[in-house]
Structure formats: C-alpha cells, structure tokens
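Here the structure comes first, spelled out in structure tokens, and everything after it is commentary.
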Amino acid sequence: MAQHPEDHFKNVIAHAKEYGYIFPSSEIYDGLSAVYDYGQNGAELKKNIRDYWWKAMVQLNENIVGIDAAIFMHPTTWKASGHVDAFNDPLIDNKDSKKRYRADVLVEDYVAKIEGKIEKEVEKAAKRFGESFDKEQFLTTNARVIEYKERGEAILKRLGKSLGNNDLADVKALIEELEIADPDTGSRNWTEVKQFNLMFGTKIGSTAESAMDLYLRPETAQGIFVNFLNVQKSGRMKIPFGIAQTGKAFRNEIVARQFIFRMREFEQMEMQFFIKPGTQKEWYEHWKETRLKWHHSLGLGVENYRFHDHEKLAHYADAACDIEFKFPFGFKELEGIHSRTDFDLGSHEKFSGRKLQYFDPETQESYVPYVLETSIGLDRMFLAVFSNSLQEETLEDGSSRTVLRLPAILAPVKVAVFPLVKKDGLPEVAKKIIDDLKFDFNVVYDEKDAVGRRYRRQDAAGTPFCITVDHQTLEDQTVTIRHRDSMQQERLPIDELRAKIAAAVDLKTWLK
Ligand code: GAP
C-alpha cells in the first residue's frame with residue numbers, strides 16, 4: 001500500500017519507538033531537541049550496520065586497517081584541519097518568527113520543490129502514455145521538465161558560487177529573488193546571512209586556571225590523520241593503504257531535524273585511503289563505485305541511490321560527491337566521497353612541526369600522501385535501512401500487515417521460536433532449540449497469543465524467521481519455519497535449522 005511520504009515518515013518515527021528501535025533522549029524530562037537514544041532493537045541494528053561496513057572495509061581489504069581514536073583531541077588539531085576558521089554554516093533569522101534557518105538549506109529545499117514538480121510531470125505522463133512511456137526520453141525532451149531542470153541547476157550553481165566566495169550578501173539576495181518565505185509562518189522578513197561555527201566547545205582540567213579549551217570532534221577523520229605515521233610504521237603499511245574508524249562526532253547544527261537524519265551527536269564510519277599524489281582521480285572513481293556497490297548489496301533498490309557532485313567544495317577537497325538516498329522526505333546525502341588532496345597531512349605537518357611523509361621504497365622518495373575519503377553517517381544509514389524496510393502490505397485475503405523487511409543480515413533478531421501451545425512439552429522443545437541456536441544468532445522466545453498474531457508481531461519487529469514447534473515435532477523432530485517476506489512456511493528437521501538460517505545471513509552471499 002503506497003502511503004503519502006509525510007505519513008510514511010510519521011509512521012517510521014512512531015514504529016521505531018513502539019518496537020524498541022529509537023526513543024527520544026531523556027523523554028521523562030520531555031526530551032532534548034534532536035537527540036535520540038537507541039533501544040534494545042535499535043542498538044542491535046546499529047551494531048549490525050556498523051559490522052557490515054567494518055567487514056566490507058577492513059576485514060575484506062588486506063590494505064585497510066581499523067583504529068579507534070579518542071573523541072578529545074589536542075585543540076591545535078582543529079586549527080590545522082581548518083575547522084576553527086572554516087567549519088561554518090550560513091544562518092539566517094526570520095525577524096518576525098524569530099526562527100533560525102540554514103540559508104543554504106532554504107534554497108536547497110526550494111530546488112527540491114522544483115524537482116518535485118518534475119516527478120509530478122513524470123507521473124502524469126506515465127499515466128497518459130501507459131506502457132509505451134519512456135521515462136528517459138521524456139526527461140530529456142519534455143520542454144517543461146527541461147525548463148525546471150535548468151532552473152534548479154542554475155539556482156544551485158549560483159548558491160555554490162556565492163558560498164564558495166563567502167559572498168553571503170548574494171545568498172541573501174538569492175533568497176529574496178526566489179521569494180523564499182519562512183516555512184512555518186510565510187514571513188519574508190529576513191536578517192542578513194551570517195556564518196556560524198558548528199563545533200561544540202568544552203573544557204578539560206580540574207581547576208579553572210589549568211582548564212584547557214577543547215572541542216568535541218566534529219568528524220572522526222582527524223583521529224586518523226594524526227595517527228597516519230603511527231599506523232603506517234607499526235603496521236608496515238605500503239601505499240596505497242587505508243585506515244578506517246567508526247565513532248561519535250558532534251556538530252552544533254543550526255537546524256537539527258528530520259529525526260535521526262541531522263543530529264547534534266551522531267556516529268560516523270570513515271575511511272581515509274592514502275595514495276600517491278596524481279592518482280587521486282582514479283581512486284576517486286574506484287571508491288565511488290565500490291561504495292555504491294556496498295549500498296546496492298543490501299537490496300534496498302538501486303533506484304533509491306544517486307550521485308550528487310558538490311557545487312561548493314569543502315576547504316580540503318579537490319573533488320567531492322555525495323551518494324544520495326531516497327529518504328521519506330526526498331533524495332538527501334547519505335555518504336560523502338571526498339578527494340582531500342594532501343591538505344590534512346600537509347597542514348598537520350605545518351602546525352605540529354613533525355614530518356608526516358611516506359618513504360616510497362621503490363622510488364626512494366618521500367612525499368606527503370594524498371587522501372581519498374569515504375564518510376558515511378551510521379545514524380543516516382540506519383534511517384535509510386529502517387524507512388525503506390517499513391511497509392504496509394495488503395494481503396490476498398484483503399487484510400493488511402505491517403512488515404519491517406530489514407535485510408536479514410542486519411535484522412536485530414534473526415529468529416523467533418514459538419511453541420504452538422503452552423503445554424504438552426512444546427515450550428521445553430522450543431527452549432532447547434533456542435539454547436542451541438543462540439550461540440550463532442540472536443533468538444527470541446514467544447508463547448503469548450495465537451501463532452498468527454505472533455507472526456504479525458515478529459513481521460513488524462523485522463525478524464526474518466519464525467520457528468513453530470507443534471505436536472508433530474515431538475514425533476519426528478521437525479518444525480515449521482516461516483519466512484517473513486514471502487510468508488511461506490516449510491517443514492524442516494530441527495538439525496537443519498542452523499544451516500538454513502546461516503545461509504540467509506552469510507556475509508559472503510550478501511557482499512559478493
Ligand atoms: N570527514 C568528512 C565529513 O565529516 P561530512 O559530509 O560533513 O564529511 C559525512 O559528513 C557524513 O556524516 C554525511 O554524509 C552524513 O551521513 C553524516 N553526517 C554529517 N552530519 C550529520 C549530522 N548532523 N547528523 C547525522 N549524520 C551526519
């Protein structure tokens with residue numbers, strides 16, 4: 001059953017809470033804006049996504065290793081990285097509503113509306129032309145669509161240029177020319193656009209005199225750069241090689257919204273790939289392709305991903321793009337691929353006075369390596385997987401079911417085991433099966449309500465398999481295994497269960 005995207009998004013948030021995936025932080029005190037806690041199922045799903053990334057990046061690549069650097073770093077790190085001077089977002093206040101917005105997001109949302117119009121034209125034409133409709137041809141030849149597309153592109157280009165030149169007056173002029181109003185109140189009474197630094201400051205030290213000003217890291221990447229030589233030397237790594245890391249990052253986002261899409265405390269999964277200067281173009285293409293393949297491997301639909309080249313390059317990049325995902329509120333950034341040149345290592349050399357160079361044994365030369373970075377938000381990936389998986393289905397008999405079609409390899413609980421009834425020794429057999437399977441998989445037991453209701457409960461929680469123990473089990477040691485997605489049931493000997501489930505969550509099958 002197709003739902004309106006806004007309704008779907010509301011359902012995602014409500015479902016995440018009802019099924020123990022995500023709770024508002026400190027809810028008993030009415031919550032804390034844009035901060036969320038992961039519940040019993042959410043923590044498992046998050047861990048499984050992290051593992052899926054870690055295994056693909058570290059375990060399967062002999063030239064990539066993983067580290068775990070501290071959140072606190074020497075404050076000069078952030079001077080060298082450029083974050084103290086350049087990690088800003090352009091903000092604008094509405095004088096009437098007193099609400100604060102990101103000026104660039106206001107413009108981007110305006111362009112997203114134009115893109116929405118293109119989608120509507122496509123839908124209308126698809127209906128009109130029926131089976132003979134050729135979407136590609138329509139997109140490239142329909143005059144109205146081309147006009148919308150060119151308009152959107154021109155606006156984004158101008159925005160990118162103004163931001164790149166720090167021409168904030170032009171960003172304001174653009175907002176005025178496009179007659180963008182406060183989304184909440186419709187007022188167009190705007191202040192000037194100002195820059196706002198996103199880093200959270202804190203202090204370390206026990207007395208006021210000795211306390212040192214620190215920042216909570218706004219990206220995990222710098223923990224990798226400052227450890228470049230430690231890892232290279234201790235691991236005897238040869239270029240090209242990568243260092244990966246997952247961990248918390250903090251940004252004082254001007255507008256944190258859209259649930260876990262934009263948070264002030266979030267987790268990143270980043271990999272810095274150290275390469276020879278001059279080879280960045282080919283590695284950029286390599287990592288774009290490799291990362292997209294990783295996303296596609298999860299089966300969320302290839303049509304839900306697209307690349308978006310950055311108009312405005314960050315202070316450290318010579319090329320950059322996003323992998324965007326179709327979230328319930330439209331296509332938005334999920335992961336960034338950045339060619340960071342030698343900006344970071346070169347800058348840390350200057351600020352620390354230490355050499356951060358690689359000695360190439362073949363050419364007998366030392367150089368500061370270039371870096372290709374892949375950077376994905378774990379919470380954003382969680383939202384992509386969760387929102388895509390939550391579906392309302394109408395069944396053949398006209399009834400409906402809510403099903404969370406999580407990729408089996410990521411599902412928090414792989415198997416639910418039920419006794420058909422709570423007597424006749426069936427619960428004991430069910431618990432014996434759990435005792436055996438729990439060493440390999442996360443398994444739960446459920447004996448409450450009719451089996452049909454238990455199936456529905458597990459469908460909504462995202463459990464890929466349900467095993468039912470019935471009276472026949474006592475005679476022939478077989479059980480029913482029911483598949484969440486197809487709702488098909490099959491009869492299997494108990495001693496074949498492990499292999500059946502293992503095959504469905506085998507990393508090799510998913511990542512091949
Ligand atoms: N080291 C590069 C870097 O941090 P970024 O594009 O600023 O690049 C990378 O961030 C990824 O981190 C984004 O693609 C997004 O998935 C995630 N991310 C960034 N800010 C976020 C926020 N406020 N909340 C949740 N995820 C965020």
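This structure is a prediction, so every number in the text was calculated from the model and none was measured. Both ligands and their constituent atoms are indexed starting at 1 by order of listing.
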Inset, instruction - Can you measure from CZ (Phe386) to CG (Leu410) and round to the nearest 0.5 angstrom? - result: 12.5 Å
Legend entry - Centroid-centroid under 6.0 Å between Phe23 and Tyr38 rings: no
Inset, instruction - Determine whether the aromatic ring centres of Phe261 and Phe327 lie less than 6.0 Å apart. - result: yes
Legend entry - Closest non-hydrogen atom pair, Leu390 against Val12: CD2-CA, 3.8 Å
Inset, instruction - Give the minimum heavy-atom separation between Ile323 and Arg291, together with the two atoms involved. - result: CD1-CB, 3.9 Å
With heavy-atom distances below 4.0 Å as the criterion, list the atoms of ligand 1 near [X].
X	answer
Gly377	11 (C), 12 (O), 15 (C), 16 (O), 17 (C)
Glu219	1 (N), 2 (C), 3 (C), 4 (O)
Glu253	20 (N), 22 (C), 23 (N)
Phe261	24 (N), 25 (C), 26 (N)

Given that the side chain starts at C-beta and the backbone is N, CA, C, O, which of these parts of [X] lies under 4.0 Å from ligand 1, counting heavy atoms, or is it both or neither?
X	result
Arg262	both
His338	side chain
Arg340	side chain
Gln268	side chain
Leu334	backbone

Can you report which non-hydrogen protein atom sits closest to [atom], along with the distance?
atom	answer
atom 15 (C) of ligand 1	Arg380 NH1, 3.5 Å
atom 9 (C) of ligand 1	Ser375 OG, 2.9 Å
atom 14 (O) of ligand 1	Glu333 OE2, 2.6 Å
atom 24 (N) of ligand 1	Met263 N, 2.9 Å

Legend entry - Within 6.0 angstrom of Glu303 CD, more than 12 heavy atoms from elsewhere: yes
Inset, instruction - If a pair satisfies side-chain hydrogen bond (donor to acceptor under 3.5 Å, both in side chains) and one of its residues is in residues 268-278, list it, with sequence neighbours excluded. - result: Thr220-Glu270, Glu270-Ser375, Gln272-Glu373
Legend entry - Qualifying residue, where the test is ring-ring contact (aromatic ring centres under 6.0 Å, His included) with Phe259 and the options are Tyr36, Tyr21, Phe382: Tyr36
Inset, instruction - Examine Phe266 against ligand 1 and note whether any of their N/O atoms are separated by less than 3.5 Å. - result: no
Legend entry - Basic-acidic side-chain contact under 4.0 Å: Asp506, Lys508: no
Inset, instruction - Would you tell me which option among Glu373, Arg251, Glu270, Glu335 has the nearest heavy-atom contact to atom 5 (P) of ligand 1? - result: Arg251
